[in-house]
S.K.: 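Okay, here's the structure, questions in a sec.
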Amino acid sequence: MTANGRSRRAWWRDAVFYQIYPLSFADSNGDGFGDLEGIISKLDYLADTLGVDALWISPFYRSPMSDWGYDVSDHTDVDPLFGELATAERLIEEAHARGLRVIFDYLMNHTSIEHPWFVESRSSRDDPKRDWYVWRDPKEDGSPPTNWVSVFSGPAWTLDERTGQYYRHTFLPNQPDLNWRNPDLVEAMLDVARFWLDRGVDGFRVDAAHQMMKDPHERDNPPVPLDYERPWKDMGEYDNFVHLYDFGHPDVHEMHRQFRKTVDSYPQEPVTVGEIHIFDLPEWASYYGENFDQLHMPFNFHLMAADWDAGSLRVAIETILWNVPVGGWTNWLLGNHDERRLATRLGPEHARLAAMLLLSLRGTPFLYYGDELGMTDATIPPGEGMDPWGKKVDYLSRDGARTPMQWSSSANAGFTTGTPWLPVAPNSESTNVASELEDPRSMLNLYRRLLAARRDSKALRIGSFLTHPASNDQVLVYRRESNEEIATVALNLSDEETQVKIRSGTVAVSTVDPDRTETVSKKLLLEPFEGVLVSHQ
Ligand code: NOJ
């Protein structure tokens, strides 16, 4: 609180986040897997060279790695692959020493099958922890209790012969669902959050945040109607059903309120960002809570789902901003460890426009490691895939976007002295930190310029967003405006040179020409695929 009793603007609204997939970021001990010591060794790059403000670090907890850490067997310890608990504590300290905030993953929906809670729970029907997971009798014919399918395909129930009951799993059979309707489990999970908050973590990215509360009557999902339009990517078998009953039961909101209360009791003003894959915008927005008492931000995947053309992007951005409750704040991302990389999806020219878009919208940007270099997906040779989803459904493999960070043009892109757990992408010779730092035209230097521009501009960080009338089918133009400053962003998504009318100002960043700094008087010329940030002061 400030002296006049008004809350300060929360830190995370002004921050740019950077997601680290720890297995692939930097390997300090040559075993081929990235680790926490590796991350510590790159904090100067993140804080100073690149210039981000906060890190989201994907799971490094103890895990049998069936889903590469998203299957936790001990929430309060570090897997030996990544280091020790003390390394995680030092990572928080070292990040803070450089002014970086750090958030970790919080896995609400499920644990690993090897978690001691599940081992106990499955041991007998009478075990005190039986109800910490979801166990149900088979139907009379022996089949699973509902027709629900797991996100990774196949039934969402597995029969445990020992006790003759099915357990539920939204993802792999190795990832049994926790039962958030059991108060002891809720308390145990809140203790997990407290454990990391006590160690100074600045918040959580909440995994599968809408999944854990399902229909208490356990009704079957209806099959999709014939004219059904998929809101998101092709999810295979999962898309055969309308998911009415297997996620997002209204009880989920009470769980988020409890979680939020726990988090809010800490002085570091922790942030909670929830993975909410819901494309009905009012429903998505309900995860802020009526009194802003649930998630600080549901993750905003809508830009990733939008078609990449000026008109569709404009509609997507405006619609999202209209649906964020007044006083709320959104975030933007164009990549993460579950999706194909943005440079693969969009190609090199559009990837540069995407960088400008992401870093100039109203809302907190989330960058995915390596996108600042223009890393693209690797093709993994058949039979060498690591992703359990890809092993079930080939085209849904996420390995391609999880390849080692490209630090230099030396062996294994400078990621490891050993054999990397996933192959290094083929463009690492030219697309890497060391080479790109030398080249003013590189993607990395574009990101650095954009990050610096955002840091220095109140209009970009907190200003209002208004689509500019010069927008058309080829060009997206918008204005960001704070009390003191106005900025205009013009993105030419076409392969033709074009001109837009804007008010006078100075070019601050161009996506194609690092030396472009002219004063613009009413007309702004845009090269093919050029994005320009103009500041009016
Ligand atoms: C969402 C995570 O982003 C994904 O990587 C993981 O496989 C599932 N949740 C299951 O935890």
Side-chain angles (χ1 to χ4, degrees), residues 17 19-25 34 56-75 79 103-115 118 133-134 148-154 156 158 167-178 180 189 192 204-214 232-233 235-236 238 243 246-248 252 272-278 287 295 297-301 304-305 331 333-341 366 368-369 377 385-393 396-403 421-422:
F17 280 75
Q19 182 193 354
I20 293 178
Y21 192 67
L23 286 161
S24 299
F25 197 59
W56 154 28
I57 303 180
S58 283
F60 49 79
Y61 312 121
R62 259 186 203 272
S63 162
M65 302 292 157
S66 298
D67 190 16
W68 296 109
Y70 280 92
D71 49 319
V72 179
S73 55
D74 185 346
H75 296 96
D79 195 273
I103 69 169
F104 291 165
D105 253 82
Y106 182 67
L107 287 108
M108 247 182 174
N109 181 73
H110 51 270
T111 65
S112 158
I113 199 162
E114 290 184 21
H115 196 294
F118 188 76
Y133 292 81
V134 184
W148 301 347
V149 292
S150 97
V151 174
F152 292 160
S153 82
T158 291
Y167 66 90
R168 200 185 71 202
H169 48 88
T170 305
F171 298 94
L172 296 174
N174 285 9
Q175 293 168 300
D177 285 354
L178 288 165
W180 279 77
M189 280 304 289
V192 168
F204 298 104
R205 176 269 187 184
V206 185
D207 189 70
H210 60 305
Q211 305 263 18
M212 82 266 196
M213 285 302 199
K214 306 192 193 319
W232 179 234
K233 64 184 178 188
M235 301 266 287
Y238 193 71
H243 293 276
D246 59 349
F247 72 72
V252 74
T272 55
V273 194
E275 188 194 23
I276 305 286
H277 273 290
I278 292 180
Y287 284 80
L295 292 164
M297 295 187 283
F299 250 131
N300 170 6
F301 296 105
M304 232 178 336
N331 55 84
L333 74 155
L334 283 170
N336 68 18
H337 64 293
D338 292 329
E339 307 304 330
R340 287 165 67 231
R341 282 193 179 269
F366 277 73
Y368 182 52
Y369 86 94
D377 285 43
M386 292 290 195
D387 178 19
W389 200 355
K391 286 182 186 169
K392 282 178 169 240
V393 192
L396 289 170
S397 171
R398 300 166 292 180
D399 287 334
R402 296 176 172 181
T403 59
W421 77 290
L422 276 174

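In listed order, ligands and their atoms are each counted from 1.
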S.K.: With heavy atoms only and a cut-off of under 4.0 Å, state how H277 meets ligand 1: side chain, backbone, both or neither.
M.R.: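 Neither part.
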S.K.: Only heavy atoms of R205, strictly under 4.0 Å: list the atoms of ligand 1 that pass.
M.R.: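 Counting from 1, the qualifying ligand atoms are 2 (C), 3 (O).
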S.K.: By number and element, which atoms of ligand 1 are closer than 4.0 Å to a non-hydrogen atom of F152?
M.R.: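 Ligand 1 atoms under the 4.0 Å threshold to F152: 7 (O).
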S.K.: For ligand 1, is there an atom lying under 4.0 Å from some heavy atom of R402?
M.R.: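 Yes, R402 has a heavy atom closer than 4.0 Å to ligand 1.
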S.K.: Using a distance-only test with no angle check, is there a side-chain donor-acceptor pair under 3.5 angstrom linking Y133 and T111?
M.R.: yes
S.K.: Which of the listed options, F171, W68, Y21, holds the heavy atom that is closest to atom 8 (C) of ligand 1?
M.R.: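 When every heavy atom of F171, W68, Y21 is considered, F171 comes closest to atom 8 (C) of ligand 1.
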S.K.: R398 heavy atoms, cut-off 4.0 Å: which ligand 1 atoms fall inside?
M.R.: 4 (C), 5 (O), 6 (C), 7 (O)
S.K.: Side-chain contact test, heavy atoms from C-beta onward, threshold under 4.5 Å: evaluate it for Y61 versus L107 and give yes or no.
M.R.: yes
S.K.: Among all protein non-hydrogen atoms, which one is nearest to atom 1 (C) of ligand 1, and what is the separation to 0.1 Å?
M.R.: D207 OD1, 2.9 Å
S.K.: Please identify each residue that fulfils side-chain contact (heavy atoms from CB on, under 4.5 Å) with I113, with sequence neighbours left out.
M.R.: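 I113 satisfies side-chain contact (heavy atoms from CB on, under 4.5 Å) with F118, R122, Y167, N174, P176 only.
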S.K.: For Y70 and D105, test the side chains for any donor-to-acceptor distance below 3.5 angstrom and give the result as yes or no.
M.R.: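 Their side chains do contain a donor-acceptor pair, which is all the 3.5 Å distance test asks for.
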S.K.: Is there side-chain contact between W389 and V151, with at least one heavy-atom pair below 4.5 Å?
M.R.: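 Side-chain contact under 4.5 Å: yes.
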S.K.: For atom 6 (C) of ligand 1, find the nearest protein heavy atom and state the residue, atom name and distance (0.1 Å precision).
M.R.: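 The closest one turns out to be D67 OD2, 3.3 Å.
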S.K.: Could you tell me if T170 and H110 have a donor-acceptor pair between their side chains, going purely by distance under 3.5 Å?
M.R.: no
